[in-house]
Every structure is written in structure tokens, then in C-alpha cells.
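Report on the following structure.
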Amino acid sequence: MKRQLPALALALAALWSLSQGWIRDLWCDEALTMLQFVPLDYAGIYTNYTIPNNHIGYSWLLKLWSNWNFGLEADYFGRLGSMLPALAAVMILYFRHWRRLGGRWAAAVLLGCFSLSLPFALYGTALRGYMLSFFLTVLALEAALAAVKNGGWKPWAAYMATALAAVAVIPSNLIALAGVVLFAAPETGAGWSFLQRKSFWGLSVIPVAALMAFYAPIAPAVAKAMELKEGWANGWWSLAALYLGFAVALLPILCLSWRGWRRQRNWIRALAFLLPVLPALLLTAAPFPRTYFPLWAVWLLVIGMVWRAALVKLKRKPRYALLLLGALLSVAWALGQRQAQTAETLSRWAGGARWTASQDDWFAPYYRRDSYAIRPAAAFLADTERATTPVYLSFDADAFALLYYGPEARYILWNTPERTLRTGTLVVLAADEAERMLPELRERFRLRALPALMWENGFHRIYQVR
């Protein structure tokens, strides 16, 4: 029983962290997934690749999962479909790698620190494909290690299946699979001799072949979606946000592992940290930092080996003292991150291209803040007194989430070709854009006066055209 205590502690930490993000309203990309992709049949989800937001493999799974909601609201139940892979991924890393990470308690402290972080809680409860991708990266890593160590057709078949599933969720998971290849490479031979091994090249070619096979039938749609060039304009800021996000998530472990860096000999695996650099700097639009979240599965193990090196030469009492300190700091840091002021400060550090929170992927994105709520505004708009009133929605008001929770028929979206808004039309804006947008709307729609404020909360303001 004593041997299972670290695993139990880790599972409880992960469950607590996930519970903090479970009950919340959908945000833009989640609502878009539920509105545009899940209602389609499985073939329609595959062929309707109009925007990169369609995580095809995840949309398939969410559609299937949503059929078993047991009476729960679809958005809350849908989050369970990300929470289960999140918990499974962490526990697989623990049970399969605790020796590599320095022992049961060392592995539990490292993975517990990650599980208590805000990025884990965010993507472990999101109706998006990032945590499923993380889970599939972990499975692909296990299959790759088994294939190069033991050979045989079963682990290679498992690697092919998990690689195909990973790229089916998000094409950019090819980068995470490249991290898997780098991590498995030293198992095929010492030094750089892995370059001469067929197993290394097999691991390298299979993900590329899987990507081509899955997307070839819809290649024209994929090419058109790529023309949207979604991402960050500045690749350096994207990289800074990515690395800062990871460093902050594991800050206690990184601070306590400083001695371990000097004892590292195998730097091949550490090359996984450089995989995001070329896409960020060469592509016209640098990928969003969250694109690389599945790669964190490999990064965790690399940092874990440094963590182990920091512990390995310590005597028993100092070793356990360091583990206890790591556990306490991880819990304290987790609680500290969840304080609104701390989270928003971190958001400004690792946010957007101008160090604002507008593009924060990790700590306090707008949809994780206390002020974010869609249902109150949707309820106000659904009131019978306003049942037939036209409603203009700005994009920043999280229009797709309002479409999900409210009656769709009478909404006028921000990109409407209409040149006027008739008297009585309701105008829904985000609270932080209202002062800027009102004069712009008056000029664009040739209004006689600024719309009058009717209702507001921390996230929305609703006006009426006079």
C-alpha cells in the first residue's frame, strides 16, 4: 500500500486541478466546435475542414461522447471527455517512467507540479483537441520506446495507430511526434549512431506518412484553410510565450533542479525544446503557443531526468527533504497561480505580442477569468420582452458562445454586410471594448446617436440603438 501512496497523491492532485475548470461557460472556439462540427455526421466532420479549428479526430470523439451525456448539460459533460485523457496521460507517465524520473515520490512531485499548473487545468477541461493530443503523444511515446527496445510487429502497429490518431486530431501534432522520435532515438544507439539505425528512420517516417495519408483526400480544403494564416504575427513573441508558459508551470521543479543540469550527458533528447523554433520563425503566421502543448509530454520527461540527476547523489535525508520541499512549493505555487491577481500578472508576462492578455494561452485567458460569463447575457437576450428584437454581436463579445446559449435566428454578426441598424436593435459588446467600439459603430451604421446602455455585467455590455 505504501508504494501506491505517490500514485494516489498524484491522482488526487490532478483531479483537484481539473475540478477547478470543469464548471464554466463555453468560449469562442469551444462553442464553434459544438455549433459547426459536432452536429455533422462523421463524414461531414472530415470533409468540412474550412478552418483549422476543426480538430477532426477530437470532433469525432466529442460527437460520440456527447451521445452519452446521461442527462448532464452538453458543455459540462463534454469537458469530461478531456478530463479523462488528462488524468490517464499523467498516470501513464507516472507508472511507465517513475524509475527514469528518480523514484515514485520524485515522479509524483514532478508530475504533480505539472498537474497543478494552470495550463494543465485549462486544456484538461477544454472542448478542444489539445489534451487528447497530449494523451496520444504519451501513447505514441510508449509505443515508440517499446518498438525500438523489443521490436516485433505489435509495438510498431501501436505506434502507427497512435501517430495516425495524433495527426488526425491536429496536423501540427507532427511536431510533438518529432519530439517522441528524439526522445526514443538514444534507445536505438549511443551518441549519434542512431542515425544509422533503421528503427530511428522508421519512427521518423511513420508520422509523416500518417499525416499525408489522412489529409490527402481533403488536401484542397486543408490548403484553403492554411491560407487564413491563423497565428501570431511575431514568431519571437510566440516562442517567448511558449517557453515562459512551460517554465512558469514547472517553476518549483526547475528551481530545485539546478544541480542536475551539470550532470546531463545525453543532449539528443533536449533538442526537443528547439522543435518550435523553425515553425515560429519561418511561417508567415507563427503557430499559437498552445499548438505545442502536446510536446510538453516529451519536455516533462526531459526535465524529469534533470530532476532525477539533482536527487540521485543526495543522501537519504537531504533527498527526502528536497522532495518534500518540491511538493510543498508545487502546492503553494498552484494555489498562488489561482489567485486572480497573480494569474493576470502571469498573463501579462506570457500573453500577446504586446505583452497583453489578449493572446494568453496559459494563465488567465479572458474565458478563465472570474468576470467571464455567457449565460447571464444570453438569458437577458432571451427574455420574452426582447424575443423578436434584432441583436448585433461583436466578435470580442464571444459571439459564437452567445449563439450556442441563445436563440440564433435574430443575431446580426460583426461581419454583416448590412449598412444600418434599425431603431431598437440591441448591441452586445465586450465590456473592455465598449468605449472604443461605440463611436465606430455609430459611424459604420450611420446611427443618429450612440446606443444607450441597457444592461451590463463584468464581461458584457448591452446597448440599444435609439
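When a residue number appears, it is its place in the shown sequence, counting from 1. Hydrogens, waters and symmetry mates are skipped; everything else that's a heavy atom, side chains included, is used.
- Within 6.0 Å of the CZ atom in R24, the count of heavy atoms belonging to other residues, nucleotides or ligands exceeds 12.
- From H460, atom NE2 reaches atom CG of D398 across 6.5 Å, with rounding to the nearest 0.5 Å.
- Distance CD1/I92 to CG/L87: 9.5 Å, rounded to 0.5 Å.
- Between the T137 side chain and the S133 main chain, a donor and an acceptor come within less than 3.5 Å of each other.
- Ring-centre distance between H55 and Y130: below the 6.0 Å cut-off.
- The minimum heavy-atom distance linking Y292 with P279 is given by the pair OH-CB, 3.6 Å.
- Here the straight-line distance linking atom OH of Y404 with atom CG of D25 works out to 10.0 Å at 0.5 Å rounding.
- Minimum interatomic distance between P207 and L177 (heavy atoms only, all atoms of both residues): CB-CD1, 3.7 Å.
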Given N53 and T33, is the side chain to side chain contact (heavy atoms under 4.5 Å, CB included) satisfied, shown in steps? CA-CA 7 Å; N53 293 62; T33 299; 5.6 Å; no
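- One finds the CZ atom of F120 at 10.0 Å from the CG atom of L300 (value rounded to the nearest 0.5 Å).
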Go through the steps for L40 and K63 under the test side chain to side chain contact (heavy atoms under 4.5 Å, CB included), then give the verdict. CA-CA 9 Å; L40 302 174; K63 180 177 180 64; over 6 Å; no
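- With values rounded to the nearest 0.5 angstrom, R128 atom CZ is found 4.5 Å from D29 atom CG.
- Within the 4.5 Å cutoff, side-chain heavy atoms of M226 are placed close to those of Y49.
- The minimum heavy-atom distance between S59 and I45, with the atom names listed, is CB-CG2, 3.6 Å.
- If you look at F114 and F134, their ring centroids are closer than 6.0 Å.
- In this structure, M305 and H97 have side chains that are not in contact, with every pair of non-hydrogen atoms separated by 4.5 Å or more.
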Checking side chain to side chain contact (heavy atoms under 4.5 Å, CB included) for the pair L101/W98: CA distance, chi angles, key distance, verdict? CA-CA 5 Å; L101 300 177; W98 63 266; 5.7 Å; no
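- When side chains are defined from C-beta on, L80 counts as touching W22, because their heavy atoms get closer than 4.5 Å.
- E187 places no side-chain N or O within donor-acceptor distance of the main-chain N or O of L145, the cut-off being under 3.5 Å.
- Screening L93, L110, V90 for a side chain to side chain contact (heavy atoms under 4.5 Å, CB included) involving L10 leaves a single residue, V90.
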Steps toward side chain to side chain contact (heavy atoms under 4.5 Å, CB included) verdict (L139, F135): CA-CA 6 Å; L139 294 184; F135 171 68; 3.6 Å; yes
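- Side-chain atoms of N54 come within 3.5 Å of backbone N or O of N48 as a donor-acceptor pair.
- The backbone N or O of A126 sits less than 3.5 Å from a side-chain atom of S82, completing a donor-acceptor pair.
- Counting only heavy atoms from C-beta outward, the side chains of V148 and F200 never approach each other to under 4.5 Å.
- Annotation: side chain of W362 is not in contact with side chain of S117 (no heavy-atom distance under 4.5 Å).
- Side-chain N or O atoms of W65 include one that pairs as donor or acceptor with a backbone N or O of F77 at under 3.5 Å.
- Scanning both residues, Y46 and I56, for their nearest heavy atoms gives O-CD1, 3.8 Å.
- The two residues G458 and A431 come nearest to each other via the heavy atoms O-CB, 3.8 Å.
- Using modelled atom types, no side-chain atom of R269 and backbone atom of V302 make a donor-acceptor pair closer than 3.5 Å.
- Using a 4.5 Å cut-off on side-chain heavy atoms (C-beta onward), V298 and L275 make no contact.
- Checking side-chain atoms of S238 against main-chain N and O of N234 turns up no donor-acceptor pair under 3.5 Å.
- Residues Y243 and W299 bring their aromatic ring centres within 6.0 Å.
- With hydrogens and angles disregarded, a donor-acceptor distance shorter than 3.5 Å links the side chain of T291 to the backbone of F288.
- A heavy-atom distance below 4.5 Å is found between the side chains of I51 and F37.
- Remark: F395 CZ to F400 CZ distance equals 6.5 Å, nearest 0.5 Å.
- The closest donor-acceptor contact from the side chain of N173 to the backbone of A166 lies under 3.5 Å.
- A donor-acceptor pair is defined here as one N or O able to donate and one able to accept, closer than 3.5 Å; such a pair exists between the side chain of W60 and the backbone of Y42.
- The minimum heavy-atom distance linking A108 with P6 is given by the pair CB-O, 3.6 Å.
- With contacts defined as side-chain heavy-atom distances shorter than 4.5 Å, the pair I374/F459 qualifies.
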